[in-house]
Asker: 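Sending over a structure as structure tokens; questions will come in a sec.
A quick note: this is a predicted structure, and the numbers were derived from the prediction, not measured.
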Amino acid sequence: MRKAYTKFSILLLMVAVFLASCRKDEEIISPTETEITTPEESGPIKGFFLLNEGNMGSNKATLDYFDYETGKYHKNIYADRNPGVARELGDVGNDIQIYGDKLYAIINCSHFVEVMDVRSVKHIKAVSIPNCRYITFKGKYAYVSSYAGPVKIDPNARLGYVAKMDTTNLTVLDTCVVGYQPDEMVIVGNKLYVANSGGYRVPNYDSTVSVIDLDSFKEIKKIEVGINLHRLELDKYGNIWVSSRGDYYDTPSKTFVIDSHTDIVTDKFDLLPNSNMTLCGDSLYIYSTEWSYLTNSNTITYAIMNVKSKRVVTRNFIKDGTDKKIKIPYGLMVNPESGEFFVTDAKDYVTPGTLHCFTSDGIRKWSVTTGDIPAHMVFTHKAVINN
């Protein structure tokens, strides 16, 4: 079975290359503006950005923006604001964050961090980091996880690293070697925690969270957690919630908890599969799209975990039946001011997706068509200026 999975993974990469060759002459997605809601009074949150991953190999990552003050959804705003930049943002948008006056987009398979002005969405610089994955910040520095090697399944794939980047001059200052294929990160005090997946080395997944001391920028320990780790969320009690994707065969997806005061795994939730999660107050919103190569099908679940009591509050936070229409949940975000939340649908991964907005009690408010594979969202407290 494990050999079958390796062959399947290689096949996926071959398909991606084929799709790229088929799409050489495909037209760039035109920027559009859609009125979604009536204008709202300006609160602390002015709007949010949505990074569409785009199909691997097609160079079609795009950036959308929703403006609370106008009620308008701007599709492909990056192309609109940067007409001189060819072929959209690049190949596979993997993370998006705001720090200070800059907007950072991780463009995984194009091997760079795209840095923009958060108010104008104008290109500032592309910082080269190979096979980059996620980004987080502290002080004047950004920290970017990197698979380091090429984008391919390889049982001998090298260890990954975290790059330390100066946010003032946008240069990479140092790197710290961690585990295999590192993904999301969180910072607690002076420690940086990194989820190591080992996804390229199937079936020999990594199962550790690396801990980096930020003063020395050295890995000081590895915490054994579970195989194929991906997401990290830090709650206000110092607990780090960790997602394990399992092996897609015999070991299912699970959720773990690390106490950052002791760096010990304190909890394992076998019945809480986890593809993505986001925290709002004490409520940890989680969805799972768990693929099984045994059944060739997905099992999709939704849940809210109370991080203080460590108990499941609900097994479905979408209350109006819209969940039955979402084919592949792929992005998740909660507005901390209003409590409304957002879920994206990647559908078939090769056509435009959909963004759904829900009230705090789980009733759909509106939906809009996005780019291909809508995935990563971030709220902004700085209004985007008119072009």
Asker: Inspect the surroundings of NZ in Lys138 and state if more than 12 heavy atoms from other residues, nucleotides or ligands are less than 6.0 Å away.
Answerer: yes

Asker: Is it true that Lys319 and Asp361 make a salt bridge, defined as a side-chain N closer than 4.0 Å to a carboxylate O?
Answerer: no

Asker: Centroid separation under 6.0 Å, is that true for the rings of Tyr330 and Tyr287?
Answerer: no

Asker: In Å and rounded to the nearest 0.5 Å, what is the CG to CG distance from Leu51 to Leu103?
Answerer: 9.0 Å

Asker: Hey, are Lys72 and Glu33 close enough for a salt bridge, meaning a charged N less than 4.0 Å from a carboxylate O?
Answerer: yes

Asker: Consider ring pair (Phe, Tyr, Trp, His ring centres under 6.0 Å). Of Tyr302, Trp241, Phe317, which one does Tyr285 pass it with?
Answerer: Phe317

Asker: Regarding Asp320 and Arg364, does a basic nitrogen lie under 4.0 Å from an acidic carboxylate oxygen?
Answerer: no

Asker: Determine whether a donor-acceptor pair (N or O, by modelled atom type, separation under 3.5 Å) exists between the side chain of Thr167 and the backbone of Lys140.
Answerer: yes

Asker: When you measure from the side chain of Arg311 to the backbone of Met305, do you find a donor-acceptor pair of N or O atoms at a distance under 3.5 Å?
Answerer: no

Asker: Are more than 12 heavy atoms from other residues, nucleotides or ligands located less than 6.0 Å from atom NZ of Lys308?
Answerer: no

Asker: A quick test of your reading: do over 12 heavy atoms of other residues, nucleotides or ligands sit less than 6.0 Å from NZ of Lys222?
Answerer: yes

Asker: Is it the case that atom NZ in Lys125 sees more than 12 heavy atoms from other parts of the structure closer than 6.0 Å?
Answerer: yes

Asker: When rounded to the nearest 0.5 angstrom, what distance separates CD1 in Ile45 from OG1 in Thr380?
Answerer: 9.5 Å

Asker: Please give me the minimum heavy-atom distance between Gly160 and Pro182, naming the atom from each residue.
Answerer: CA-CD, 3.7 Å

Asker: Any donor-acceptor pair under 3.5 Å linking the side-chain atoms of Lys191 with those of Tyr193?
Answerer: yes

Asker: Looking only at the side chains, is there a donor atom on one of Tyr73 and Glu35 sitting less than 3.5 Å from an acceptor on the other?
Answerer: no

Asker: Do His230 and Glu184 get their side chains close enough for a donor-acceptor pair, meaning under 3.5 Å?
Answerer: no

Asker: Kindly indicate whether a cation-pi arrangement holds for Arg201 with Tyr180, taking the cut-offs as under 6.0 Å to the six-membered ring centre and within 45° of the axis.
Answerer: yes

Asker: Just checking, is any N or O donor in the side chain of Asn298 or Thr289 under 3.5 Å from an acceptor N or O on the other one?
Answerer: no

Asker: Has the side chain of His111 got a donor or acceptor atom that lies under 3.5 Å from a matching backbone atom of Asn131?
Answerer: yes

Asker: Verify, without hydrogens or angle tests, whether Lys268 (side chain) and Val257 (backbone) share a donor-acceptor contact under 3.5 angstrom.
Answerer: no

Asker: Would you say Asn316 and Asp323 are linked by a side-chain donor-acceptor pair, where the criterion is simply a distance under 3.5 Å?
Answerer: yes

Asker: Quiz question: by atom type and distance under 3.5 Å, do the side chains of Asp95 and Gln97 form a donor-acceptor pair?
Answerer: yes

Asker: Go through Lys254 and Asp270 one step at a time and tell me if the salt bridge (charged side-chain N to carboxylate O under 4.0 Å, His left out) criterion holds.
Answerer: CA-CA 5 Å; Lys254 302 173 185 177; Asp270 292 323; 3.6 Å; yes

Asker: Between Thr344 (side chain) and Gly331 (backbone), is there a donor-acceptor pair under 3.5 Å?
Answerer: yes

Asker: Can you sort out the partners of Tyr68 under ring pair (Phe, Tyr, Trp, His ring centres under 6.0 Å), two or more places apart, ordered by chain and number?
Answerer: Phe66

Asker: Should Asp67 and Lys46 count as an ion pair when the cut-off is N to O under 4.0 Å?
Answerer: no

Asker: Verify, without hydrogens or angle tests, whether Ser253 (side chain) and Gly246 (backbone) share a donor-acceptor contact under 3.5 angstrom.
Answerer: no

Asker: Roughly how far apart are Ile36 CD1 and Ser367 OG, rounded to 0.5 Å?
Answerer: 8.5 Å

Asker: Given 3.5 Å as the limit, does a donor-acceptor pair link the side chain of Ser58 with the main chain of Asn55, or not?
Answerer: yes

Asker: Centre-to-centre under 6.0 Å for Phe342 and Phe48, is that the case here?
Answerer: yes

Asker: Checking Thr370 against Lys75: is there a side-chain donor and acceptor pair closer than 3.5 Å?
Answerer: no

Asker: Using only heavy-atom distances, determine whether the side chains of Asn196 and Ser210 contain a donor-acceptor pair under 3.5 Å.
Answerer: yes

Asker: State whether the side chain of Asp206 and the backbone N or O of Gly179 hold a donor-acceptor pair below 3.5 Å, judged by distance alone.
Answerer: no

Asker: Can you tell me how far the CD1 atom of Ile286 sits from the OG atom of Ser243, to the nearest 0.5 Å?
Answerer: 9.0 Å

Asker: Between the side chain of Lys122 and the main-chain N/O of Arg81, is any donor-acceptor distance below 3.5 Å?
Answerer: yes

Asker: Will you find, in the side chains of Asn228 and Ser197, an N or O donor that is under 3.5 Å from an N or O acceptor?
Answerer: no

Asker: Does atom CD1 (Ile220) have a neighbourhood of more than 12 heavy atoms from anything else shown, all under 6.0 Å?
Answerer: yes

Asker: Taking side chain as C-beta onward, heavy atoms only, is Val162 less than 4.5 Å from Ile212?
Answerer: yes

Asker: Within the distance-only criterion (no hydrogens, no angle test), does the side chain of Asp64 pair as donor or acceptor with the backbone N or O of Asn76 below 3.5 angstrom?
Answerer: yes

